[in-house]
Every structure is written in structure tokens, then in C-alpha cells.
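Encoded as C-alpha cells, the structure appears first; notes follow it.
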Amino acid sequence: MGDGGRHGSHGEDAPVRVREGTIDDAAAMARLINGVIAEGAPVLLTGSFSNDEERDFLATLSPRGGFHVVEPRAPGAAAAEAAPVIVAAQVFAPYAAGMPVHDHVAVMGTWVDAAWRRRGLGRALWERTAAVARERGFTRVFTDVRADNSASLAFHRTLGFTVAGVARGQAVVEGRAYDVVFIERGL
Ligand SMILES: CC(C)(COP(=O)(O)OP(=O)(O)OC[C@H]1O[C@@H](n2cnc3c(N)ncnc32)[C@H](O)[C@@H]1OP(=O)(O)O)[C@@H](O)C(=O)NCCC(=O)NCCS
């Protein structure tokens with residue numbers, strides 16, 4: 001990655017591994033996402049997800065969509081048998097399944113554990129997502145961010161996303177309305 005070495009590499013010797021997610025990651029995904037919601041990050045999900053709910057979500061993801069995860073490289077052999085630990089994940093899916101005019105458009109969501117942010121994990125996930133999404137026929141990502149989520153907006157801008165528009169008061173969280181920014185990028 002072109003980060004001047006600050007983030008280290010995600011190759012063979014890196015302390016983390018980026019890989020495609022599987023249904024067996026459901027519990028670890030639920031833990032990651034629930035943690036980000038509980039921390040109060042200004043995201044568009046609320047509440048919490050049970051392991052079964054997360055499993056159902058992942059199991060019903062369109063076959064054109066998918067997700068990648070980042071796991072710390074576990075020291076020692078015992079870790080191979082341990083339950084997966086995921087510190088970051090990115091999910092992508094068709095924007096509007098069943099509407100052929102949107103077949104080339106994907107939506108995307110990114111989750112990085114608070115303790116692992118600004119280490120290039122989100123960017124590493126994006127590199128994987130963009131490559132796989134292109135292979136699956138997507139040529140555009142169009143997604144949404146709460147307008148007060150300055151970290152996410154900065155992150156996506158760095159990746160080359162631009163703002164397509166703002167929906168005023170679109171997200172209502174605990175009775176309060178938030179603007180939602182729609183962002184896009186070609187692949
Ligand atoms: C937004 C988020 C996914 C970014 O993930 P990350 O792994 O920390 O991002 P990276 O380390 O790959 O950052 C890549 C670049 O994006 C920009 N960036 C990322 N976070 C930023 C922040 N908080 N403020 C300003 N710029 C930021 C920087 O240019 C950064 O490069 P640099 O660290 O070399 O300056 C992460 O903060 C997160 O999970 N937040 C909570 C959940 C969330 O909001 N998800 C997005 C929902 S739309």
C-alpha cells in the first residue's frame with residue numbers, strides 16, 4: 001500500500017490477514033458490528049444483531065455480493081481452532097436486486113473496530129472489494145453515509161468517492177432526523 005510504511009503491509013508477514021468472509025464468520029461479524037453501534041459511531045444501523053440474524057443476513061447476500069474480513073494473525077498454532085476474531089469487514093451487494101437498470105451498481109458498508117482504525121484496514125478492504133466487485137460485473141459503487149459521520153466521509157473521499165447528493169432528514173435515530181449523504185465512485 002502507498003502509505004509510506006506507516007500502516008505496514010498486509011502481505012505474508014503482516015500482523016493482519018485480509019480474506020473473503022464465510023458464513024462461519026457470522027458470530028464474529030455480529031460482535032464487530034454490535035461493538036461499532038454500541039460505541040455510538042454515527043452509522044445507519046441501530047440496536048444489535050444476534051448471531052442468527054447475522055448468519056441469516058450473510059446467507060441471503062446475493063451471490064454477486066460478498067464480504068471481506070480482516071483478522072489479526074494469531075500467534076501460535078492453537079489459534080487455528082479458536083473462534084474467528086474479526087477486526088474489520090466490508091460488505092458489498094447489488095444496489096437494487098431485481099432492477100436490471102441497476103445491475104452494474106453495488107452498495108457497500110465498512111466496519112472497523114475502534115482500536116484498529118487509521119491503520120489502513122479500510123483501504124485494504126476496499127482494494128479487495130473493488131477487485132472482486134469488478135469481476136462480478138459492477139462498474140459503480142453508490143452508497144450512503146450519515147452526514148455527521150465525518151470519519152466515513154473523509155475515508156470515502158480518500159478512496160475517490162464523490163458526493164452525489166444529500167437527503168435531508170432521511171435517517172431517524174432515536175427520534176432525531178439526520179441528513180444522509182449519497183456517495184459514488186466508478187470501478
Ligand atoms: C470509516 C472507517 C471505516 C475507516 O476505516 P479505517 O480502517 O480507519 O480507514 P483507513 O485507515 O484505511 O484510512 C484510509 C484513509 O482514509 C482517511 N480517513 C480514515 N479515517 C479518517 C478519519 N477519522 N478522519 C480523516 N480521514 C480519515 C485518511 O485519508 C486515511 O489515510 P491516512 O490514515 O493515511 O491519513 C472507520 O473509521 C469505521 O469503521 N468507522 C465506524 C463505522 C463507520 O462509520 N463505517 C462507515 C459507515 S458508512
Side-chain angles (χ1 to χ4, degrees), residues 1-11 14-19 21 25 28-49 54 57-58 61 65-73 85-95 105-133 138 140-167 169-174 176-185 187:
M1 292 165 59
D3 57 29
R6 187 160 84 80
H7 296 128
S9 123
H10 299 114
V16 296
R17 180 164 85 106
V18 184
R19 62 165 172 81
D25 295 315
M29 284 287 283
R31 212 160 34 243
L32 169 67
I33 293 169
N34 291 341
V36 173
I37 297 170
E39 141 210 344
V43 292
L44 291 166
L45 294 180
T46 55
S48 66
F49 298 89
E54 188 61 21
F57 169 76
L58 296 175
L61 260 184
F67 67 109
H68 291 87
V69 301
V70 181
E71 56 187 7
R73 268 191 206 280
V85 172
I86 289 172
V87 294
Q90 193 166 60
V91 182
F92 71 100
Y95 167 71
V105 185
V107 289
M108 183 177 95
T110 311
W111 307 88
V112 180
D113 181 277
W116 288 79
R117 291 184 193 146
R118 299 304 289 267
R119 300 189 194 195
L121 302 190
R123 193 196 294 265
L125 284 164
W126 163 250
E127 283 164 10
R128 291 291 183 94
T129 296
V132 175
F138 295 104
R140 172 167 221 82
V141 177
F142 180 82
T143 196
D144 49 359
V145 179
R146 238 172 78 173
D148 58 333
N149 193 343
S150 52
S152 177
L153 288 169
F155 167 69
H156 285 95
R157 263 192 212 106
T158 299
L159 301 184
F161 282 78
T162 56
V163 172
V166 178
Q170 162 105 343
V172 178
V173 181
E174 292 170 1
R176 185 171 162 194
Y178 294 86
D179 293 351
V180 171
V181 181
F182 289 86
I183 55 172
E184 59 186 348
R185 207 205 106 142
L187 287 174

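These numbers were taken from a predicted model, which means no experiment stands behind them. Residues: numbered from 1 along the sequence shown. Start at 1 and go down the list; that is how both ligands and their atoms are numbered.
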Atoms of ligand 1 less than 4.0 Å from Arg123 heavy atoms? 12 (O), 14 (C), 15 (C), 31 (O)

Could you walk me through whether Ile183 and Thr143 pass the side-chain contact (heavy atoms from CB on, under 4.5 Å) test, one step at a time? CA-CA 5 Å; Ile183 55 172; Thr143 196; 3.7 Å; yes

Val36 N/O to ligand 1 N/O under 3.5 Å: no

Just to be sure I read this right, does ligand 1 sit under 4.0 Å from the backbone of Arg119, its side chain, both, or neither, counting only heavy atoms? backbone

So, do Phe49 and Met29 sit near enough that their side-chain heavy atoms are less than 4.5 Å apart? no

What residues form a side chain to side chain contact (heavy atoms under 4.5 Å, CB included) with Gln170, not counting sequence neighbours? Ala167, Val180, Phe182

Nearest non-hydrogen partners of Leu44 and Arg146, listed with the distance: CD2-CG, 3.7 Å

Short N/O distance, under 3.5 Å, between Trp116 and ligand 1? no

Counting from 1, what ligand 1 atoms have a heavy atom of Trp111 closer than 4.0 Å? 39 (O)

Can you spot which of Gln90, Arg123, His156 makes a side-chain hydrogen bond (donor to acceptor under 3.5 Å, both in side chains) with Thr110? Gln90

Evaluate Asn149 for polar contact with ligand 1, using N/O atom pairs at a separation under 3.5 Å. yes

Which option wins on minimum heavy-atom distance to atom 48 (S) of ligand 1: Ala89, Pro42, Ser152? Ser152

Just let me know how Thr110 lines up against ligand 1, side chain, backbone, both or neither, with a heavy-atom cut-off below 4.0 Å. both

Polar atom proximity, Asp144 to ligand 1 (N or O, under 3.5 Å): no

Does ligand 1 come near enough to Ala154 that some N or O of the ligand is less than 3.5 Å from an N or O of the residue? no

Does the residue Gly120 have a heavy-atom contact with ligand 1, meaning some pair of atoms that are separated by less than 4.0 Å? yes

Beyond-backbone contact of Arg185 with Trp126, side-chain heavy atoms, under 4.5 angstrom: yes

If we set the cut-off at 4.0 Å for heavy atoms, which region of Val43 has an atom near ligand 1: side chain, backbone, both, or neither? side chain

Is the shortest side-chain heavy-atom distance between Val36 and Glu39 below 4.5 Å? yes

Check this for me, if you would: do Asp25 and Arg19 make a salt bridge, where the nitrogen-to-carboxylate-oxygen distance has to be below 4.0 angstrom? yes

